[in-house]
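What follows is a set of notes on a single structure, which appears directly below.
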Amino acid sequence: RGPFAISWDVTASAMAFAPDGDVWAWGSVLIAPGGEVESAGDAWRGTSAYKLLRGRPVSELPRRPFEVFAPPGAAPLCRRSVLQQLGGYDEAFFLYYEDVDLSWRARLAGHRAVMVPAARVAHLGSATSRAKEARAWFHIARNSLWCAVRGPPEVHPRALLRATRRELRDARRRGVA
């Protein structure tokens, strides 16, 4: 046991937060190697997701569970019946945004997700993909655009065009495109 082990007490308090059964996932806060928050869940704005409280001290985390658009995909506790209903993670996403895609499908099916601040997981972000590689940037750009098209009930063409331009500009700046 270390400071990042999830105890039964934490799990029980998280599940007590949502006794009505509409919560499909409980998220653990991801803690970066430097001790700061890497992700306290994802929010959705316009055409993309962003990490809540990224880079902030752990002391700024709320004390009680709170609702988020998507829990971090690294260590969620998910209701199996909902995962089965939704068909699980879409393998086409492979890296990045697979959690956001699943959260869109869960939301559209009437479910919600919560973060449990007491549940913390040490996380070495992007260790699998080595975030500086072109492959990682490709998946981030492609999958964020897929989510912008597949997720929201209404797709706004101008916002999608702006997002596409932004992703292409960022790819060129990183030397990927």
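Computation of the quantities below employed the complete heavy-atom set of this structure, encompassing side-chain atoms and omitting hydrogens, waters and symmetry-equivalent molecules.
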| request: Compare all side-chain heavy atoms of W26 with those of P76 and state whether any distance is below 4.5 angstrom. | output: no

Could you tabulate the donor-acceptor pairs under 3.5 Å formed by side-chain atoms of residues 40-53, not counting sequence neighbours?
| unit_1 | atom_1 | unit_2 | atom_2 | d |
| --- | --- | --- | --- | --- |
| W44 | NE1 | G46 | O | 3.1 |

| task | Quick one: pull up CG in D101 and OH in Y89 and give me the separation to the nearest 0.5 Å. | result | 10.5 Å

| remark: Contacts of V58 meeting side chain to side chain contact (heavy atoms under 4.5 Å, CB included) (sequence neighbours excluded), chain-then-number -> I31, V37, L61, R120

| task | Walk me through it: do R150 and E98 pass the test salt bridge (charged side-chain N to carboxylate O under 4.0 Å, His left out)? | result | CA-CA 12 Å; R150 289 174 42 151; E98 71 284 350; over 6 Å; no

Per-pair distances, 0.1 Å, donor-acceptor, side chain in residues 141-148, under 3.5 Å, sequence neighbours excluded:
| unit_1 | atom_1 | unit_2 | atom_2 | d |
| --- | --- | --- | --- | --- |
| R142 | NH2 | A92 | O | 3.0 |
| R142 | NH2 | H139 | ND1 | 3.4 |
| N143 | ND2 | F93 | O | 2.7 |
| N143 | ND2 | L95 | O | 2.5 |
| N143 | ND2 | Y96 | O | 2.7 |
| N143 | ND2 | H139 | O | 3.4 |
| S144 | OG | I140 | O | 3.1 |
| S144 | OG | A141 | O | 3.0 |
| S144 | OG | E167 | OE2 | 3.1 |

| task | Mind checking the CZ-CZ spacing from R56 to R54? Nearest 0.5 Å is all I need. | result | 13.5 Å

| Could you state the interatomic distance from SG (C78) to CD (Q84), rounded to the nearest 0.5 Å? | 11.5 Å

| query | Would L102 and F69 show up in the same hydrophobic cluster when neighbours are defined by side-chain heavy atoms closer than 4.5 Å? | reply | no

| query | If you measure from CZ on R79 to CG on D22, what distance do you get to the nearest 0.5 Å? | reply | 8.0 Å

| request: Give the minimum heavy-atom separation between G151 and L108, together with the two atoms involved. | output: O-CD1, 3.2 Å

| task | Compare all side-chain heavy atoms of H111 with those of Q85 and state whether any distance is below 4.5 angstrom. | result | yes

| message | Could you report the tightest heavy-atom contact between A70 and V100, atom names first, then the distance? | response | CB-CA, 4.5 Å

| query | Which is it for R166 and D170 under the salt bridge (charged side-chain N to carboxylate O under 4.0 Å, His left out) test, yes or no, and what are the steps along the way? | reply | CA-CA 6 Å; R166 181 183 63 239; D170 289 349; 5.1 Å; no

| remark: In short, M115 meets P72 closest at the heavy-atom pair SD-CD, 3.5 Å

| message | Taking F94 as the starting point, is it possible to reach W104 by hopping between hydrophobic residues whose side chains are less than 4.5 Å apart? | response | yes

| query | Is any side-chain N of the basic residue among D90 and R105 closer than 4.0 Å to the acidic one's carboxylate O? | reply | no

| field | W24 CH2 to R112 CZ distance, which is reported to the nearest 0.5 Å | value | 13.5 Å

| Does some side-chain heavy atom of S39 sit less than 4.5 Å from a side-chain heavy atom of P71? | no

